[in-house]
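Note that ligands are numbered from 1 as they come in the structure, with each ligand's atoms numbered from 1 the same way.
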Amino acid sequence: MVTVPPPEQAALWSRELEGREPAEVIRWAVAQFGDGLVIGSGFGKDGLVMLDIARKIRPDIPVLFLETGCHFAETLQFRDRLRHDWNANIVDVRPELSPAELEARYGADLFARDPDRCCALRKVEPLQHALRGRRAWMTGLRRSQHAGRGQTSVVEWQELTAGGGLFKVNPLAGWSLAQVEAYLDEHHLPRHPLWAQGYPSVGCAPCTSPVTTGEAERAGRWRGRGKVECGIHATVAPPTRMVAEPVVPPCEGS
Ligand code: SF4
């Protein structure tokens, strides 16, 4: 029997699943990976659609939420609402160091001085740790979110820094923002309160600003810093930083 290496297996699956409805892809992933499948979500519009479809297929599917210590209060309240109203199995994934320990070791306002390191400590490393031992994770990535995600496949292989890796499933890869918003409307999904206040994409508070009419949906993320990704999707686009600017409010512990 010929063993197919994981990256090639991901490409084969991707070709089979390209163009399928997100519900079909999620049903396939649940059947394929069983208890080894988790969702990664910060409860953006895309993640919420994915979670709504997934919870109707497998209600107890674990949802990894990166609790960076830097979120808007509204995001944490939205997370708690989903826990309560949907009985969502949300797992808070925290950095190894507490906010106070991070500040003691790296100084205050690391997000302003070195956002790549801040993302590595608060997002990338905790997620890598949480994904160890899993077979696959699902994300809300769409090709239409920005140019760096334009090559996103339905199934990808993601290496872990500690060795090994796992499959990454992107059920909404081929969807547009309009399709996502139509799903939110048709299924009467709850709304993150900041979406209506000019924040179509909500990340950590110090690194998210509102967008104006006509701006890209992620234009408010790390605005003015030349950084478009935190690094958790490093196979899609490595994080970059060109210009630092002081931003507020601070994270916990700062
Ligand atoms: S998004 Fe900003 S605050 Fe959040 S981890 Fe990255 S640099 Fe730090």
Exercise. Does a donor on one side chain sit under 3.5 Å from an acceptor on the other, for H146 and E229?
Worked result: yes
For this session: Identify, by atom number and element, the atoms of ligand 1 in contact range of C119, meaning under 4.0 Å from any of its heavy atoms.
Result: 1 (S), 5 (S), 6 (Fe), 7 (S)
Exercise. Hey, which atoms in ligand 1 end up nearer than 4.0 Å to a heavy atom of C204?
Worked result: 1 (S), 3 (S), 4 (Fe)
Exercise. For residues S201 and E217, is any side-chain donor paired with an opposing acceptor at under 3.5 Å?
Worked result: no
For this session: Tell me, please, if C70 has any N/O/S atom, main chain or side chain, under 2.8 Å from atom 4 (Fe) of ligand 1?
Result: no
Exercise. In terms of side-chain heavy atoms, does H233 have a donor or acceptor partner in T139 at a distance below 3.5 Å?
Worked result: no
Problem set entry | Protein heavy-atom partner closest to atom 8 (Fe) of ligand 1 - residue, atom, separation in Å | C118 SG, 2.4 Å
Problem set entry | No-hydrogen, no-angle side-chain donor-acceptor test under 3.5 Å, D114 and Y106 | no
Exercise. Any N/O/S atom of C207 sitting less than 2.8 Å from atom 6 (Fe) of ligand 1, backbone or side chain?
Worked result: no
For this session: Output the list of atoms in ligand 1 that are nearer than 4.0 Å to some heavy atom of P115, sorted by atom number.
Result: 7 (S)
For this session: To the nearest 0.5 angstrom, please state how far the CG atom of L37 sits from the CH2 atom of W28.
Result: 9.0 Å
